[in-house]
Colleague: 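Just dropping this structure here.
Each chain gets a letter, A, B and so on, in the order the sequences are listed, and its residues count up from 1.
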There are 2 protein chains.
Amino acid sequence: MVVENRPSDAEVDRIFRALADATRRDILRRTLDGQASVSQLAAAYDMSFAAVQKHVAVLEGAGLVTKEPAGRERIVRGNPVAVQRVRTLLDQYEQIWRARIARLDALLADD
Amino acid sequence: MVVENRPSDAEVDRIFRALADATRRDILRRTLDGQASVSQLAAAYDMSFAAVQKHVAVLEGAGLVTKEPAGRERIVRGNPVAVQRVRTLLDQYEQIWRARIARLDALLADD
DNA sequence: ATTTTCTACAACCATTTGGTTGTACGTTAG
DNA sequence: CTAACGTACAACCAAATGGTTGTAGAAAAT
């Protein structure tokens with residue numbers, strides 16, 4: 001059974017909003033490439049630990065990343081399923097456009 | 001010659017930010033499906049004309065939409081090329097994840 | 001046992017965002 | 001010509017964003 005519930009507007013808002021920041025996109029890249037603790041991530045950026053913590057929270061709130069406790073650390077992992085879902089969303093816009101082109105083609109066809 | 005210059009961080013910020021609002025996503029859908037004037041768009045939403053005008057401006061700033069004068073109206077059209085570019089961006093995240101999986105597979109292979 | 005490390009969270013601040021109303025101006029209709 | 005329409009733009013406002021510092025607590029290292 002494929003769950004694949006259609007995401008709500010608010011969820012989509014959160015996903016795109018999370019992606020609308022270069023630091024967060026970089027965190028997503030890193031954690032898709034391999035897991036990292038919050039402090040390891042924080043070391044990579046020229047901002048406070050708390051700021052990076054917030055960025056991770058935004059990504060987590062969007063479902064793009066998961067955070068799992070491991071001793072005193074929190075391990076952050078990129079969520080490939082969520083990324084896939086965003087692509088699916090974008091596909092829908094392309095479908096709309098292709099449908100329009102198809103209609104225009106149909107108009108031009110002299111059958 | 002394929003132009004396809006890699007978009008800057010700021011450009012990507014603008015694109016995702018533009019998509020992080022349900023009204024703007026709806027405007028994009030409509031204008032990919034078929035052109036519309038700003039006032040036609042405004043009639044579709046429960047907010048002021050000026051608010052819709054701003055949403056269109058955000059989409060235009062992100063390159064997701066173009067605005068062309070036609071008499072006293074401004075015709076808004078969705079830009080399929082920009083949509084395609086966003087998809088390409090998302091693809092890169094998936095590539096990163098697939099590369100990781102490939103590495104893990106290589107580790108497990110006992111050759 | 002003490003200190004250090006990693007995290008959580010609150011409080012604060014400047015800037016941006018998403019909305020409003022109001023004014024002004026070019027374009028089309030009567 | 002005058003009125004109505006479509007747009008642009010400024011000014012304003014509340015809320016959200018992206019950053020900071022500071023405090024506190026749990027886990028690990030010495």
Colleague: Rounding to an integer number of Å, can you tell me how far A:Q53 CD sits from D:dT21 P?
Modeller: 14 Å
Colleague: Would you check if the side chain of A:R25 reaches a backbone N or O of A:L19 as a donor-acceptor pair within less than 3.5 Å?
Modeller: yes
Colleague: Would you confirm whether B:Q40, through its side chain, and B:S37, through its main-chain N or O, come within 3.5 Å as a donor-acceptor pair?
Modeller: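 Yes, because the side chain of B:Q40 sits within donor-acceptor range (under 3.5 Å) of the backbone of B:S37.
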Colleague: Between A:K67 and A:K54, which residue's closest nucleotide on DNA chain C lies nearer the 5′ terminus?
Modeller: A:K67
Colleague: For B:S48, which contact category applies under a 4.0 Å heavy-atom criterion: base, sugar-phosphate, or nothing?
Modeller: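 Contact class for B:S48: base.
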Colleague: Roughly, in whole Å, what's the span from CG in A:L59 to C1' in D:dT17?
Modeller: 14 Å
Colleague: Give one of base, sugar-phosphate or nothing for A:T23, where a contact means two heavy atoms less than 4.0 Å apart.
Modeller: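 A:T23: no heavy atom of the nucleic acid under 4.0 Å.
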Colleague: Could you state the NE2-C1' distance from A:H55 to C:dA8, rounded to the nearest angstrom?
Modeller: 17 Å
Colleague: Contact class for A:A50 (heavy atom, under 4.0 Å): base, sugar-phosphate, or nothing?
Modeller: base
Colleague: More 5' along DNA chain D: A:A51 or B:E73, using each one's nearest nucleotide?
Modeller: B:E73
Colleague: Whole-Å distance between D:dC5 P and B:R74 CZ?
Modeller: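 It works out to 18 Å between those atoms.
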Colleague: With sequence neighbours excluded, what pairs up with B:D26 under the salt bridge (Lys or Arg N to Asp or Glu O under 4.0 Å) test?
Modeller: B:R29, B:R30
Colleague: Nearest whole Å is fine: how far is D:dC13 P from B:M47 CE?
Modeller: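 Answer to the nearest Å: 21 Å.
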Colleague: Is the phosphate of C:dT5, meaning OP1 or OP2, less than 4.0 Å from a side-chain N or O of A:S39?
Modeller: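 No, A:S39 has no side-chain N/O under 4.0 Å of OP1/OP2 on C:dT5.
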Colleague: From CZ of B:F49 over to P of D:dA4, roughly how many Å is that when rounded to an integer?
Modeller: 18 Å
Colleague: Calculate the interatomic distance between A:R24 atom CZ and D:dG18 atom C1'; express it in whole Å.
Modeller: 8 Å
Colleague: Going from CG on A:L107 to CZ on A:R103, what distance comes out if it is rounded to the nearest 0.5 angstrom?
Modeller: 9.0 Å
Colleague: Could you pick out which residue, B:Q40 or A:V58, lies toward the 5' side of DNA chain D when each is mapped onto its nearest nucleotide?
Modeller: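 It is B:Q40 whose nearest nucleotide is closer to the 5' end.
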Colleague: Send over the distance from A:Y45 OH to D:dG18 C1', rounded to a whole Å.
Modeller: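 Computing the A:Y45:OH to D:dG18:C1' distance gives 15 Å.
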Colleague: If you round to the nearest 0.5 Å, how far is OG1 of A:T23 from CG of B:D9?
Modeller: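 Rounded to the nearest 0.5 Å, the CG-OG1 separation comes to 8.5 Å.
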Colleague: What about A:R72, does its side chain sit under 3.5 Å from the base of C:dT7 through a donor-acceptor pair?
Modeller: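 For A:R72, whose side chain was compared with the base of C:dT7, there is no donor-acceptor pair (under 3.5 Å).
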